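Everything on this sheet refers to the single structure shown next.
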Amino acid sequence: MTHPDLDDRLTPPFDTKIAIVVRDDLETWQRLNVTAFLASGIAAGNPLLVGEPYADADGTPYLALLGMPVLVFQGTKESLTAARERAVRRELALAVYTSDMFRTGHDAANRATVAAVPGADLDLVGIAVHGPKNAVDKIVKGSTLHP
């Protein structure tokens, strides 16, 4: 069963965009880990962006995925700080991942590390944002598509 809003929202051309920006000085495993966590934040914060569950021809069920492309960018520490500021100014929902989160072992500790630092001082290693295409393009300005 499909949801009428899903049919419109998850059919190209898309009116909105999902962008993830990871810091360009991270190790490969860190970039992948941060990207995965940030994509989960977009899905959790925007349940209508998640499509229907999958199944193969044998009937084996698989979990639903985000129903639109996720563009992954890279940028400097400074470009992530600027992107966070632009997203906050535009009042778009934002997911963040900070360097301190690499040293924690669970969700509550991750939230505590973010809560301990004023937003402008977060040592960001990744952000994710979903919103109108124009706004997202302006937010990620200065970042480049990840190779």
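Here the structure is a predicted model, which means the values were calculated and not measured.
To the nearest 0.5 Å, atom CG of residue L92 and atom NE2 of residue H130 are 9.5 Å apart. Taking CG of L26 as the reference point, atom CG of L32 lies at 10.0 Å (rounded to 0.5 Å). One finds the OG atom of S143 at 12.5 Å from the CD1 atom of I20 (value rounded to the nearest 0.5 Å). We find the CD1-OG1 distance between I127 and T81 to be 9.0 Å, quoted to the nearest 0.5 Å. We find the CD-CG distance between Q74 and L80 to be 10.5 Å, quoted to the nearest 0.5 Å. For the atom pair D137 CG and K17 NZ, the distance stands at 3.5 Å (nearest 0.5 Å).
Heavy-atom minimum distance, S79 versus G142: CB-O, 4.3 Å. Here the shortest heavy-atom pairing between A87 and V129 reads CB-CG2, 4.5 Å. For P69 against F14, the heavy-atom pair with the smallest separation is CD-CE1, 3.3 Å. Counting all heavy atoms, side chain and backbone alike, V136 lies closest to A19 at CG1-CB, 3.6 Å. When all heavy atoms are compared, the tightest approach of A64 to Y54 is CA-CD1, 4.3 Å. Residue P47 comes nearest to A44 through the heavy atom pair CD-O, 3.9 Å, listed as atom of the first residue, atom of the second, then distance.
Within 6.0 Å of CG on L63 lie no more than 12 heavy atoms contributed by other residues, nucleotides or ligands.
Two residues are said to be in side-chain contact when any heavy atoms from C-beta on lie closer than 4.5 Å; L122 and R84 meet this criterion. Looking at heavy atoms from C-beta onward, R103 lies out of side-chain contact with T113 at the 4.5 angstrom threshold. The closest side-chain heavy-atom distance from V70 to I42 is not below 4.5 Å. Between R31 and D24, the closest side-chain pair of non-hydrogen atoms falls below 4.5 Å.
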Would T98 and V117 count as a side chain to side chain contact (heavy atoms under 4.5 Å, CB included) here? Give the steps.
CA-CA 10 Å; T98 68; V117 179; over 6 Å; no
Assess the residue pair L66 and I18 against the criterion (side chain to side chain contact (heavy atoms under 4.5 Å, CB included)); give the C-alpha distance rounded to whole Å, side-chain angles, the decisive distance to 0.1 Å, and a yes or no.
CA-CA 10 Å; L66 285 167; I18 298 170; 4.3 Å; yes
Show, in sequence, the C-alpha distance, side-chain angles and deciding distance for D123 and R23, and conclude whether the side chain to side chain contact (heavy atoms under 4.5 Å, CB included) test is met.
CA-CA 10 Å; D123 185 15; R23 217 159 75 191; 2.8 Å; yes
Decide side chain to side chain contact (heavy atoms under 4.5 Å, CB included) for T35 and H146; before the verdict, give the C-alpha distance in whole Å, the side-chain angles of both, and the deciding distance to 0.1 Å.
CA-CA 11 Å; T35 300; H146 199 286; over 6 Å; no
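Side-chain N or O atoms of D58 include none that pairs as donor or acceptor with a backbone N or O of T60 at under 3.5 Å.
Note on Y62 and M68: separate hydrophobic clusters, where clusters join Ile, Leu, Val, Met, Phe, Trp and Tyr whose side-chain heavy atoms are under 4.5 Å apart, directly or indirectly.
Remark: F37 pairs with N33, Y97 by the side-chain contact (heavy atoms from CB on, under 4.5 Å) rule, at least two apart or across chains. Remark: R86 engages no residue in a side-chain hydrogen bond (donor to acceptor under 3.5 Å, both in side chains) (not counting sequence neighbours).
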